Amino acid sequence: MSKIWLVIHREYVSRVKKKSFLLVTLLTPLIFPAIMGLFVWIALEEEDNQALRIIEVVDDNKLFFLESSEQYAFSFSDASPGQAKKLVHEGSRYGFLHIPKFDIKNPTGISFYGEENPSMSLISYLENNLRKKIEEQRLFESGIDPKIINDVRTKVSIKSITLDEEGTETVSDATVNYAIGFVAGILIYMFIFIYGNQIMQGVIEEKSSRIVEILVSSLKPFQLMLGKIIGIAGVGLTQLLIWIVLIGTLTTIVTGFLGMQMPQQQAMELANPELAQSLGQNTEMGEILQVIAGINYVQIVFSFVFYFLGGYLLYGALFAGIGSAVDAPSDAQQFMLPVTIPLIVAYMGLFVFVLNDPNSTTSFWLSIIPLTSPIAMMGRVSYGVPFWELALSMGLLILGFLFTTWVAGKIYRIGILMHGTKPSYKTLWKWIKANN
């Protein structure tokens with residue numbers, strides 16, 4: 001065990017002391033908010049500086065009047081389509097919308113002409129605007145005043161309340177749960193790939209430089225592999241904890257500078273609807289803060305750390321095994337497919353199944369199978385997962401890590417000292433079956 005600890009210490013210290021590690025760790029919490037802020041600033045500047053776009057409308061039905069917006073203005077005329085297209089070519093009109101005569105029950109043939117491809121937002125805006133006008137015209141022809149329909153339309157908002165086994169009610173929001181699951185799942189996916197590749201690259205470098213031959217003279221190959229995996233896991237966990245502290249500190253400083261309360265503080269004050277009402281707070285804001293207060297942060301953080309380490313250790317062992325079997329990164333590509341397919345399945349399943357329906361059968365199995373559970377379960381945790389499912393998933397992940405470590409160890413023992421050969425899947429299978 002002391003030898004494994006020495007390898008862990010070496011891997012951890014050698015990487016943490018690198019200037020690149022310090023720069024990435026300290027700058028990342030600043031870079032991403034800065035990039036987002038830059039995009040928002042550019043979008044606002046473009047919105048302020050964007051000239052009003054005029055669209056020529058030729059309505060052969062003489063029925064529809066489209067309302068202008070801050071970005072688009074509509075000019076209605078009796079010009080022919082050819083004349084309207086000429087205005088577009090001359091640059092006096094951004095585009096030309098032609099509404100031919102059609103059966104009001106089957107509107108077809110509507111076209112938009114422009115010298116550049118229109119944006120999806122513009123087409124959606126035109127379609128929604130025209131759909132509304134056509135529906136109003138159909139109501140009018142049916143003898144129904146469209147204003148009556150607009151007056152009786154009512155906006156309905158449903159509050160989502162979760163009941164636990166003890167009957168305690170917790171206000172929840174699917175949007176918040178989706179966002180937490182989305183961010184957590186993507187981070188796990190990125191961390192596994194980034195740090196898994198670091199293990200593989202490190203093993204390949206040591207093998208090609210023959211340093212590993214000196215190391216295995218004083219310790220077993222399995223000890224070297226295990227120490228390398230755990231050491232790099234410690235680097236990743238350190239980086240993650242520093243990011244959490246920095247982001248939390250920066251958020252506190254910024255909100256304090258702007259004279260704002262942290263969301264958790266507001267949530268604690270307004271978690272009680274009666275208290276929120278007595279303070280004269282906005283009901284909608286009070287509900288939002290109740291949602292924030294109802295989030296089980298302890299469970300989410302604990303689950304994230306566990307699945308971060310569990311997923312990394314499981315895949316890290318496989319990456320180490322691949323690295324030990326080859327002499328160059330280019331040779332490793334042929335063995336990467338079986339390792340990356342489960343990660344891709346988990347990534348796709350996160351969006352297709354888990355975040356849309358966390359309680360479906362597919363979501364359940366994705367969050368239970370060790371190869372996909374680190375990503376899939378983090379997509380489900382924020383929605384609330386029964387304890388037995390969480391315990392089963394974690395237990396199987398631990399068993400999965402032990403199994404992949406055993407498989408990778410069998411490959412590592414032989415492959416780490418092999419040079420000049422390009423092993424195949426058949427060769428790897430022989431190494432796994434070998435009694436050594």
Side-chain angles (χ1 to χ4, degrees), residues 35-158 173-176 178-179 182 282-285 288 351-352 355-356:
I35 293 174
M36 293 300 296
L38 179 62
F39 284 162
V40 172
W41 178 77
I42 292 174
L44 293 175
E45 285 294 315
E46 286 187 352
E47 185 177 342
D48 293 337
N49 298 329
Q50 195 172 50
L52 185 65
R53 294 174 174 178
I54 302 175
I55 298 175
E56 189 75 12
V57 180
V58 176
D59 179 15
D60 296 340
N61 303 275
K62 310 297 181 184
L63 290 175
F64 306 108
F65 177 78
L66 303 181
E67 300 174 357
S68 300
S69 65
E70 295 180 358
Q71 190 174 1
Y72 301 104
F74 298 98
S75 173
F76 295 84
S77 69
D78 295 327
S80 65
Q83 292 172 328
K85 292 178 184 178
K86 185 177 180 180
L87 293 175
V88 175
H89 288 302
E90 292 174 350
S92 60
R93 296 292 185 269
Y94 173 74
F96 156 49
L97 180 65
H98 184 212
I99 308 176
K101 288 187 178 180
F102 51 70
D103 181 1
I104 196 68
K105 296 182 180 179
N106 184 28
T108 58
I110 303 173
S111 304
F112 178 84
Y113 300 86
E115 289 194 326
E116 60 184 39
N117 290 327
S119 64
M120 185 174 64
S121 60
L122 171 59
I123 297 300
S124 297
Y125 176 76
L126 294 174
E127 288 176 346
N128 293 333
N129 215 328
L130 279 171
R131 181 171 62 250
K132 181 180 178 182
K133 298 301 179 182
I134 292 172
E135 288 174 353
E136 290 178 353
Q137 183 62 29
R138 291 184 65 179
L139 288 172
F140 179 77
E141 292 182 359
S142 301
I144 302 173
D145 188 352
K147 292 183 179 180
I148 297 176
I149 302 296
N150 291 330
D151 290 339
V152 298
R153 283 176 178 167
T154 305
K155 182 179 178 181
V156 177
S157 178
I158 299 177
D173 186 274
T175 304
V176 175
Y178 186 100
F182 172 84
N282 182 274
T283 305
E284 184 177 352
M285 178 59 69
I288 293 174
F351 295 100
V352 178
L355 294 178
N356 290 322

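Below, each value reflects all heavy atoms present in this structure, side chains not excepted, and no hydrogens, waters or symmetry copies. Fair warning: this is a prediction, and the values are worked out from it, not measured in the lab. Throughout, residue positions are numbered sequentially from 1 according to the sequence presented.
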Is the closest side-chain heavy-atom distance between [X] and [Y] below 4.5 Å?
| X | Y | result |
| --- | --- | --- |
| L63 | F140 | no |
| K133 | Q137 | no |
| L122 | I55 | yes |
| Y125 | L66 | no |
| F351 | N356 | no |
| F102 | I110 | yes |

With sequence neighbours excluded, residues passing salt bridge (Lys or Arg N to Asp or Glu O under 4.0 Å) with [X]:
| X | value |
| --- | --- |
| E90 | none |
| K85 | none |
| K105 | none |
| D78 | K62 |

Could you measure the distance from the [atom1] atom of [X] to the [atom2] atom of [Y]? Nearest 0.5 Å is fine.
| X | Y | atom1 | atom2 | result |
| --- | --- | --- | --- | --- |
| E136 | F64 | CD | CZ | 10.0 Å |
| I134 | I99 | CD1 | CD1 | 7.5 Å |
| S69 | F74 | OG | CZ | 6.5 Å |
| F182 | L355 | CZ | CG | 8.0 Å |

Over 12 non-hydrogen atoms of neighbours within 6.0 angstrom of CG in N128: yes

Do other residues, nucleotides or ligands put more than 12 heavy atoms under 6.0 Å from the CZ atom of F112? yes

Y72: ring-ring contact (aromatic ring centres under 6.0 Å, His included) partners, not counting sequence neighbours: none

Got a sec, which residues hit ring-ring contact (aromatic ring centres under 6.0 Å, His included) with F65, two or more places apart in sequence or on another chain?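 Listed in chain order: F76.
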
Using a 3.5 Å distance criterion without hydrogens, assess whether the side chain of S111 forms a donor-acceptor pair with backbone atoms of H98. no

